[in-house]
Amino acid sequence: MTQSDLLTDSQSEQFLADLNDPQRLAVLHGDGPLLILAGAGSGKTRVITFRIAHLLAHGVHPRQILAVTFTNKAAGEMKARVRELTGAAADSVWVSTFHSFAARFLRFEYQAAGLPQDFSIYDDGDSKGIIKRLIAEMNLPARTFPLGTVKGKISDAKDRMLSPAAFANLAHDDYMRRIAEVYRVYQERLKDAGAVDFDDLIVTTVRTLEDDEAVRARWQQRFTHVLVDEYQDTNLAQVRLIKHLAEPESNLCVVGDDDQSIYAWRGADIRNILEFEKSYPNATVIRLEQNYRSRPNILEAAHAVVSANINRHPKKLWTAKPPGEQITCILTTDDWSEAEMVLSRIRLLCERESLTGADCVILYRTNAQSRVFEEACRRHATPYVLVGGTKFYQRGEIKDALAYMQLTINGRDVAAWRRIINKPLRGIGDASQKKLEEARRADSRPFAEFLADTEAVTAVAGKRVALPTKRFAKLIDDLKEARETMNLADWCRHLVTTVNLKSAWEGDDPNTVATRMENLDELAAAMAEYEMTHETPSLSGFLEQAALVTDIDMYDVQTDAITLMTLHAAKGLEFPVVFICGLEEGLFPLSRSMEKPEALEEERRLFYVGATRAKERLFLTYARTRQRFGPMASMKSRFIDEIPPEFLDVDNLIPSADLEPGGLGYDAPARNWRSSEVRPASRSARSVSRTGSEAGAGQREREMQRSMMAQTIQAGAVVFHPKFGEGEVVSVRGAGDSTTCEIAFRGGFSKTLMVRFAPLKILRQ
DNA sequence: GCATAGATCTTTTTT
DNA sequence: AGATCTATGC
């Protein structure tokens, strides 16, 4: 590292001048624990990145800094921003998510952790497959032991660092004792399979650090400074991981906001942030309360809702910005017109206020709500980007191919084996599978080796399956061998043909089959890209990445497309215009949460997170009825009523003869609200102005979006494909690298292609 | 062992 | 309403 990689003092001073007082204190804070309570939009990322730059400028070696986030996207952004400040030094700073940090740790320390080097990482589906089989094996009634609940309890136990034994000790009724038993055997099965689930990544890392002094010393020495983002979302296991890594100096800087804690259902414990000072009595606490993102009206509304919570540290953000528009609340009769209204509002904003679709985001509580908006966008040929939904690596055909790959490096991976042993059909049915699986476990050899042992197989499952199992074993061995002679992408293609995956979907709709085959092509392309972008590409590295990557990670603001995503996915993002939709009792807040006060408070925080994404304008929508297991009607969300009326501009599109359903006992003064008909049209035409430094930032963002547009495709574009000819883009789905678009080709057929890999030429936008 | 039709459950959010 | 699971018959 050269001196020029580092900030010089004068540069660093210049940066500091842009910060407000508490921000500067946080950046300059010396040694010891530091808690930054950073409200929404208070420049939190800036503070973290400046702090890292500051540490680097003051002689901390980049490799000694660990910064942990929850999503790969956040990690990537942090790294990019540190790089802007410090140059190449940033590349040596270890910035990663909790899970990918743990995965990397365990690849180094697999021996101490008691894992095979090429351990598999099980996703939710893999884990559920194992647990499901266990529930059946243990004769537990599926009705009283629903898979999701059992998995959830086990996951909770892991989040709290409870071993199966400890969990069993705490179980004081038969029900919990049985779940404890499932947990115990589940762990045995994982161990046998050489696999860890998502929770285990963290738990095993913590256990290894706690049990092995040499390993602990090595890693504690390695990191002298640890920073954690979104600290309010950590669970006990994660807090312990961080604590160990930061010791003994405990130069630990955590940043978070208790009002933005929205992952309690996943084991996040808000007490971690509320009681940080108890764990670290010498901690410095800094509050960032100036908001640089939103108009005061938006902050007021968000604050009004979240401050209805009892269990909360009282605080209030402020902003120097001028008031801006009122918050628009749109009341519609049903979900269909809700979507129509949202789109027409967006159209209006784009026409009159020099905004583009990319400035707008539609947020909703549940993924299922996205459908109506997607349909509306298609109807109006409005480009949109859907974040979430079916993920590329979760598709059946992709998981199948990955399972074959996984089995070549981890021969005991039972989830992979189960997935592919009879796909394509080999005449090895369920009954034989169970017998073979059990016998193999007792035998402890890898699947391929065991299955090639004709005698052993015959003894367990009869003569009939011995031949197909032997062939299967040979197939796996051949694949393993082939891997040595070719690169990952070629090997992937080789695998698809050798295995003859296509024959597994004989009789299926030919279009579906074609799409699946295209997806497999895309998998090969993804592997090629992985090989190009990594210095030491490995199969297990690729599989690890495939297991830990999510949709939001790949999301990038681009083109003129409107963004559609859940409120949860929106955390950490900001948009000039935000629509929060489906503000109905039972949907948002969700009915399940309405029984438990803590859960209801989390819904309020979720509203707070959603609202504070907005820079300029916030819209809230309510649909009186919507399709949810058949049509259902609901009352306005209490969140709307928790906002003082002076901040709201209500656009009531429900005919006055149509009263709200169940108006009894619910204070919803719809009659007091002005109807849209009498509203002067000029109001919507008022321009959204940008002020101060925000304007500059917005401008730059816009430019970046524009430059990216060149390489992206919008609905309505006319494109050319060498194989399929000319066609028109009907819709664009997915995010970032996994963006797909549906194209209606002139030949009268349409295809869904992955933008990144399809050799498309854009003829006209 | 496998395909099909009917039954059942799902929709909270995700690393 | 749609996907996924289960029971049944071949």
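Letters go in sequence order (proteins before strands), and every chain restarts at 1.
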Could I get a table of every N or O pair under 3.5 Å where one atom is in the protein and the other is in nucleotides 7-10 of chain C?
none

Sort me out a list of protein N/O and nucleotides 3-9 of chain B N/O pairs below 3.5 Å, or just none if empty.
unit_1, atom_1, unit_2, atom_2, d
dC9(B), OP1, Arg143(A), NH1, 3.4
dC9(B), OP1, Arg143(A), NH2, 3.3

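Not one side-chain nitrogen or oxygen of Asn72(A) sits closer than 4.0 Å to the OP1 or OP2 atom of dT15(B). Side-chain nitrogen and oxygen atoms of Ser432(A) include at least one within less than 4.0 Å of the OP1 or OP2 phosphate oxygen of dG1(B). Put simply, Asn235(A) has no side-chain N or O that comes within less than 4.0 Å of OP1 or OP2 on dT15(B). Distances shown here put a side-chain N or O of Lys132(A) below 4.0 Å from the OP1 or OP2 atom of dT6(C).
Rounded to a whole Å, the CG atom of Leu201(A) is 13 Å from the P atom of dT15(B). The CZ atom of Arg605(A) sits 18 Å away from the P atom of dT13(B) (whole-angstrom rounding). For Glu602(A) and dT14(B), the CD to P distance is 13 Å, given to the nearest whole Å. Taking atom OH of Tyr364(A) as the reference point, atom P of dT13(B) lies 10 Å away to the nearest angstrom. Between the CZ atom of Phe70(A) and the P atom of dT14(B) there is a distance of 14 Å, given to the nearest Å. Here the C1' atom of nucleotide dT15(B) and the CG atom of Asp123(A) are 11 Å apart, to the nearest Å. Note: CZ (Arg365(A)) to P (dT11(B)) measures 13 Å, nearest angstrom. Atom pair Phe98(A):CZ and dT14(B):P shows a separation of 18 Å (rounding to whole Å applied).
The two residues Val342(A) and Cys581(A) have their closest heavy-atom pair at CG2-SG, 4.1 Å.
Taking only side-chain atoms of Ala569(A), from C-beta outward, the nucleotide of dT15(B), dT14(B), dC2(B) with the closest atom is dT14(B). You'll find that the side chain of Ala368(A) is closest to dT11(B), out of dT11(B), dT15(B), dT13(B). Among the nucleotides dC2(B), dT13(B), dT15(B), the one closest to any side-chain atom of Thr71(A) is dT15(B). Side chain of Phe198(A), nearest nucleotide from dC2(B), dT15(B), dT14(B): dT15(B).
Residue order along DNA chain B, read from the 5' end via each residue's closest nucleotide, puts Ala431(A) first among Ala431(A) and Thr566(A). Along DNA chain B, the nucleotide nearest Pro146(A) and the nucleotide nearest Leu606(A) are compared for position; the residue whose nucleotide lies closer to the 5' end is Pro146(A).
With Asp259(A) as the fixed residue, the side-chain hydrogen bond (donor to acceptor under 3.5 Å, both in side chains) test singles out one of Gln232(A), Arg605(A), Arg312(A): Arg312(A).
The closest side-chain heavy-atom distance from Thr71(A) to Glu230(A) is not below 4.5 Å. Looking only at side-chain heavy atoms (C-beta outward), Asp413(A) and Phe447(A) stay at 4.5 Å or farther from each other.
In this structure, CZ in Arg624(A) is found 9.5 Å from OG in Ser634(A), a value given to the nearest 0.5 Å.
Ionic pairing of Arg604(A) and Glu642(A) is present here: one or more N-O contacts between side-chain nitrogen and carboxylate oxygen are shorter than 4.0 angstrom. Ion pairing between Arg419(A) and Asp126(A) fails under the 4.0 Å rule for side-chain N and carboxylate O. In this structure, Arg266(A) does not pair ionically with Asp159(A), as no charged nitrogen and carboxylate oxygen lie closer than 4.0 Å.
For the pair Arg107(A) and Phe119(A), the cation-pi criterion (under 6.0 Å, within 45° of the ring axis) is fulfilled. Annotation: cation-pi pair Arg426(A)/Phe472(A) absent, no NZ/CZ under 6.0 Å from the ring centroid and within 45° of its normal.
In the interface, the side chain of Arg266(A) is not paired with the base of dT13(B) through any donor and acceptor atom under 3.5 Å apart.
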